[in-house]
Every structure is written in structure tokens, then in C-alpha cells.
Amino acid sequence: MLNINILCVGKIKEDYLKSAIFEYSKRLSKYCNLSFIELPDEKLPNKLNSSIINEIKQKECTRILQNLKKDSYVICLDLKGKELSSEDFSKKLENISLNFNSTITFIIGGTLGLTDTVLMEANELLCFSKMTFPHQLIRVFLLEQLFRAFKISRNETYHW
């Protein structure tokens with residue numbers, strides 16, 4: 001069974017997001033071993049400048065790199081990444097599990113994103129949309145797309 005790690009910055013505080021994450025995690029348990037590694041986020045001051053932004057990103061991304069397992073296929077969620085259809089995402093997961101690795105780690109950065117150092121550690125960059133969404137909501141998007149991808153690869157109908 002495929003192992004999927006979701007390495008993310010920040011805790012989910014909203015109950016509606018926790019409920020969605022719980023529901024998708026439960027549904028995914030039939031298809032993969034899913035684990036979350038939540039890392040603390042840095043508090044944002046009221047006023048940001050490029051120096052403060054870089055310092056915060058560096059602290060968060062250092063924690064990401066410290067928790068990244070070296071034997072995993074790494075996919076960073078980033079605006080510079082490639083956009084895929086749900087069908088192509090499903091094929092990509094199949095290809096990775098068959099040809100590369102049985103463990104995939106998805107990285108979701110904090111509010112300010114990821115450093116180039118983390119992005120260079122990735123095997124791939126993936127973008128769900130050119131629109132900006134809260135990083136907490138992206139977790140739900142990722143879980144939904146993972147669930148959909150497994151359904152597609154098994155020719156199962158998708159009901160929500």
C-alpha cells in the first residue's frame with residue numbers, strides 16, 4: 001500500500017476544516033497509509049518587509065527540511081508548480097508508486113510559502129490553482145484530490 005505523508009506548516013484551528021480532513025482521511029485509509037506531520041508556524045507581525053518575510057520562511061522551511069524523509073518522493077505544493085487535471089494527477093500517483101517509490105511526501109508551506117532550498121529538494125512542484133488560497137484549505141484540496149485520484153485509478157465511481 002502506498003504511504004503518503006503530508007508535511008505542513010501550521011495547525012488547523014477551524015472545526016469545519018478539521019471535519020473535512022477527518023472525513024477524507026477516513027476515506028483514504030482504504031487506499032493508502034496517510035500521515036500528517038504538522039510543524040509550528042511563525043507568528044506574523046503586523047508589518048512585513050522582505051527581511052522579515054525571508055526570516056520567517058527560513059525558520060519554517062528549516063523545520064520542513066529537518067522532518068523530510070530522504071527515502072520519499074517529494075512533491076511541493078507551490079504556485080510555480082505544474083497544474084494537472086484530476087486524471088493526470090491519478091496517473092502521476094500510479095507512476096510514482098510503480099516506478100519510483102512507495103512513499104510520497106507532499107509539502108505544504110506556511111502563509112508566506114516555501115524557500116528555494118525546500119523547492120530544490122522536491123522531485124516535482126504541483127500547483128492546484130494560480131489563485132491564492134489559505135494553506136489550511138489546501139490540505140483539504142489535496143486530500144480530496146488524492147481520494148479522487150485513487151477512485152479514478154480503480155475505475156470506481158466518485159460520490160460525495
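No experiment lies behind these values; they were computed from the predicted model shown. Numbering starts at 1 and runs along the sequence shown.
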Would you say [X] and [Y] are hydrophobically clustered, going by side-chain heavy atoms of ILVMFWY under 4.5 Å?
X      : Y      : value
Ile53  : Val9   : no
Leu65  : Leu112 : no
Leu119 : Ile64  : yes
Tyr16  : Ile21  : yes
Phe141 : Ile12  : yes

[Y]/[X] salt bridge by N-O under 4.0 Å criterion:
X     : Y      : result
Lys80 : Asp78  : yes
Glu38 : Arg139 : yes
Lys57 : Glu42  : no
Lys18 : Glu14  : no
Lys91 : Glu87  : no

Atom [atom1] in [X], atom [atom2] in [Y]: separation rounded to 0.5 Å?
X      : Y      : atom1 : atom2 : answer
Leu126 : Lys82  : CG    : NZ    : 10.0 Å
Ser19  : Tyr24  : OG    : OH    : 12.5 Å
Leu28  : Glu23  : CG    : CD    : 10.0 Å
Gln136 : Thr111 : CD    : OG1   : 6.5 Å
Ile6   : Ser25  : CD1   : OG    : 7.0 Å
Leu39  : Ile108 : CG    : CD1   : 11.5 Å

- Task: Just jot down the ring pair (Phe, Tyr, Trp, His ring centres under 6.0 Å) partners of Phe36, sequence neighbours excluded, or say none.
- Result: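 Testing Phe36 for ring pair (Phe, Tyr, Trp, His ring centres under 6.0 Å), a comparison that skips the adjacent residues, returns none.
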- Using the test ring pair (Phe, Tyr, Trp, His ring centres under 6.0 Å), find all partners of Tyr73 that sit at least two apart in sequence or belong to another chain.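 Testing Tyr73 for ring pair (Phe, Tyr, Trp, His ring centres under 6.0 Å), a comparison that skips the adjacent residues, returns Phe100.
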- Start with the C-alpha gap between Ile75 and Ile107, add the side-chain angles, then the distance that decides, and say whether side chain to side chain contact (heavy atoms under 4.5 Å, CB included) holds. CA-CA 6 Å; Ile75 300 174; Ile107 298 176; over 6 Å; no
Say whether, by atom type as modelled, one donor and one acceptor occur between the side chain of [X] and the main chain of [Y] under 3.5 angstrom.
X      : Y     : value
Lys130 : Leu79 : yes
Asn5   : Ser35 : no
Asn49  : Ser51 : yes
Asn54  : Ser50 : yes
Asp88  : Leu84 : no

- Query: What residue pairs, at least two apart or across chains, pass ring pair (Phe, Tyr, Trp, His ring centres under 6.0 Å) with a residue in residues 43-68?
  - Reply: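 Residue pairs passing ring pair (Phe, Tyr, Trp, His ring centres under 6.0 Å), neighbours aside: none found.
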Considering residues, nucleotides and ligands other than [X], do more than 12 of their heavy atoms fall under 6.0 Å from its [atom1]?
X     : atom1 : value
Met1  : CE    : yes
Lys70 : NZ    : yes
Phe22 : CZ    : no

- Check the side chains of Thr103 and Ser72 for a donor-acceptor pair under 3.5 angstrom, ignoring hydrogens and angles.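 Note: Ser72 and Thr103 side chains miss the donor-acceptor criterion.
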- Query: Between the side chains of Gln145 and Ser86, is a donor N or O closer than 3.5 angstrom to an acceptor N or O?
  - Reply: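 Looking only at side-chain atoms, Ser86 and Gln145 do form a donor-acceptor pair, the distance falling under 3.5 Å.
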- Query: Are Pro45 and Ile52 close enough that some pair of their side-chain heavy atoms sits under 4.5 Å apart?
  - Reply: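 The answer is yes, as the side chains (C-beta and beyond) meet within the 4.5 Å cut-off.
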- Side-chain heavy atoms of Leu34 within contact of Asn3, under 4.5 Å: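 Of all side-chain heavy-atom pairs linking Asn3 with Leu34, none is under 4.5 Å.
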- Item | CA sep, side-chain torsions, deciding dist, call: Glu156, Tyr31, side chain to side chain contact (heavy atoms under 4.5 Å, CB included) | CA-CA 12 Å; Glu156 297 174 1; Tyr31 303 105; 2.4 Å; yes
- Item | Exercise: identify the closest heavy-atom pair between Ala122 and Cys76 |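 That would be CB-SG, 3.6 Å.
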- Which heavy atom of Ser90 sits nearest a heavy atom of Ala149, and at what distance?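 Where Ser90 meets Ala149 most closely, the heavy atoms are OG-O, 2.8 Å.
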- Task: Dump the intermediate steps for salt bridge (charged side-chain N to carboxylate O under 4.0 Å, His left out) on Arg63 and Glu60, then the final yes or no.
- Result: CA-CA 5 Å; Arg63 287 193 282 269; Glu60 292 176 346; 5.2 Å; no
- Task: May I have the step-by-step check of side chain to side chain contact (heavy atoms under 4.5 Å, CB included) for Ile4 and Leu146, ending in yes or no?
- Result: CA-CA 10 Å; Ile4 296 181; Leu146 287 168; 3.8 Å; yes
